[in-house]
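Quantities reported herein were computed from a predicted structural model and do not represent experimental measurements. Note on naming: letters A, B, ... go to the chains in the order of the sequence lines (proteins, then strands), and numbering restarts at 1 for each one.
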Protein chains: 2
Amino acid sequence: MSEDNDNADEVFGFFTEIGIINQLSTAMFAKSLPDGVHPSHFAILNHLARMGDGKAPMRIASAMQVTKNTMTHSLKVLQDRGYIEVQPDPEDGRGKRVFLTETGRAFREEAIALVAKELRHVIGADQRAIMHRIRGDLKQMRKHLDDNR
Amino acid sequence: MSEDNDNADEVFGFFTEIGIINQLSTAMFAKSLPDGVHPSHFAILNHLARMGDGKAPMRIASAMQVTKNTMTHSLKVLQDRGYIEVQPDPEDGRGKRVFLTETGRAFREEAIALVAKELRHVIGADQRAIMHRIRGDLKQMRKHLDDNR
DNA sequence: ATTATATAGTACGATATGGAACTAGTAAAG
DNA sequence: CTTTACTAGTTCCATATCGTACTATATAAT
């Protein structure tokens, strides 16, 4: 019983710590992102730029860990801003494909530069050391949670 | 330039990993929480139970890393469910104080038991080892970000 | 071929959250 | 004291997200 509770407390504490770090870092991101672009929108642009565009909304949704509803909404926003183009999938009548526009790519580059500049004031050598040190463990944890959800 | 980008990539990657873990763990939490109680609401109950109740909404908001708007909303929900009571602060005419009800305490206990049960299927020895290993680094990172926001 | 099942995306409604403006009360400056 | 600046909390509005239900297409079963 009390062992279970201790265990639960430890697990709780861990995820709480993760949650706070996420909260703080996301807020910092949001502040350095220009003109009211939400971090989640930027994450989509980033994903498309890094992993290659032409992906289906559902695949992006899975990668971003959000529902397809959310993806529909986010893509609409990005489309309205001219950062992406959405075309029907020629091989699947149900599907669509998402492409970055030049505007979108340029926007991402600028945003990254801006965020990097801001980060330089907050992330020092100690922080980079920590990141490097626990990166592997985090990756493993993420993978485990992802596989067992 | 490319050094900056590499650095940014590393930092990006780290926070992305954190974000995904947070997303997955929160989703698990949400699923094991009974009857549509949001994780953020539970976090408030948990905070009050662990840190002691009778706190002002603003102090809880700071601890939870949310705005006071959000806190007003969340407290209303918890109050409607009978988990908390909100009373005027006798020492400050502007302020209020938040107290857990017996219902609220009981609810928290049950929820923890339920969540702990679910967690047992997902968190194994390897995961606990990771948590234990990186706990200190995470704490330090959280503190640094918190101090420098 | 027809039917049943599964998947991609959308529409609608509900909720959590944040920003801006507001009220009421406190604290500090003169 | 009076005025000014600050703080606690609320309200209103906008947005991100999710759940449910729906349409359209694709795949499997028979």
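- B:D92 comes within 4.0 angstrom of the backbone, heavy atoms only, and of no base.
- Summarising the geometry, the separation between CG on A:L78 and P on D:dT15 is reported as 14 Å, rounded to the nearest angstrom.
- For D:dG19, its base sits under 3.5 Å from the side chain of A:N69 at one donor and acceptor pair at least.
- A:K55 places its NZ atom 15 Å from the P atom of C:dA8, with the value rounded to the nearest Å.
- Side-chain N/O atoms of B:R94 and base N/O atoms of C:dT26 include no donor-acceptor pair closer than 3.5 Å.
- Neither OP1 nor OP2 of D:dT17 sits under 4.0 Å from any side-chain N or O of A:T70.
- At a threshold of 4.0 angstrom between heavy atoms, the contacts of B:T72 include nucleobase atoms, whether or not backbone atoms are also involved.
- Between the side chain of B:K96 and the base of D:dG9 there is no donor-acceptor pair of N/O atoms closer than 3.5 Å.
- In this entry the distance linking CG of B:L33 with P of D:dC18 reads 16 Å, nearest Å.
- With respect to the salt-bridge test (charged N to carboxylate O, under 4.0 angstrom), the residues B:D147 and B:K143 qualify.
- As rounded to whole Å, 23 Å separates atom P of C:dA24 from atom CD of B:E91.
- Mapped onto DNA chain D by nearest heavy atom, B:M71 and A:S74 fall at different nucleotides, with B:M71 at the one closer to the 5' end.
- The distance from atom NZ of A:K68 to atom C1' of D:dA16 is 18 Å, rounded to the nearest whole Å.
- For D:dC18, one of the phosphate oxygens OP1 or OP2 lies less than 4.0 angstrom from a side-chain nitrogen or oxygen of B:Q23.
- Distance A:Q87 CD to C:dG9 C1': 16 Å, rounded to the nearest Å.
- The NE2-C1' distance, from A:H73 to C:dC12, rounds to 14 Å in whole Å.
- Under the 4.5 Å side-chain contact rule for hydrophobic residues, A:L78 and A:M64 share a cluster.
- Remark: C1' of C:dA8 and CD1 of A:I60 are 13 Å apart, rounded to the nearest angstrom.
- A residue-by-residue look at A:K76 and A:G95 shows that A:G95 has its nearest nucleotide of DNA chain C further toward the 5' end.
- If you take CG on B:L138 and CG on A:L138, they are separated by 6.5 Å, rounding to the nearest 0.5 Å.
- Ring pair B:F12/A:F29: centre-to-centre distance below 6.0 Å.
- Residues B:N22 and A:I21 have side chains not in contact (no heavy-atom distance under 4.5 Å, counting atoms from C-beta outward).
- Residue contacts shown for A:H38 are limited to sugar-phosphate atoms, with no base heavy atom under 4.0 Å away.
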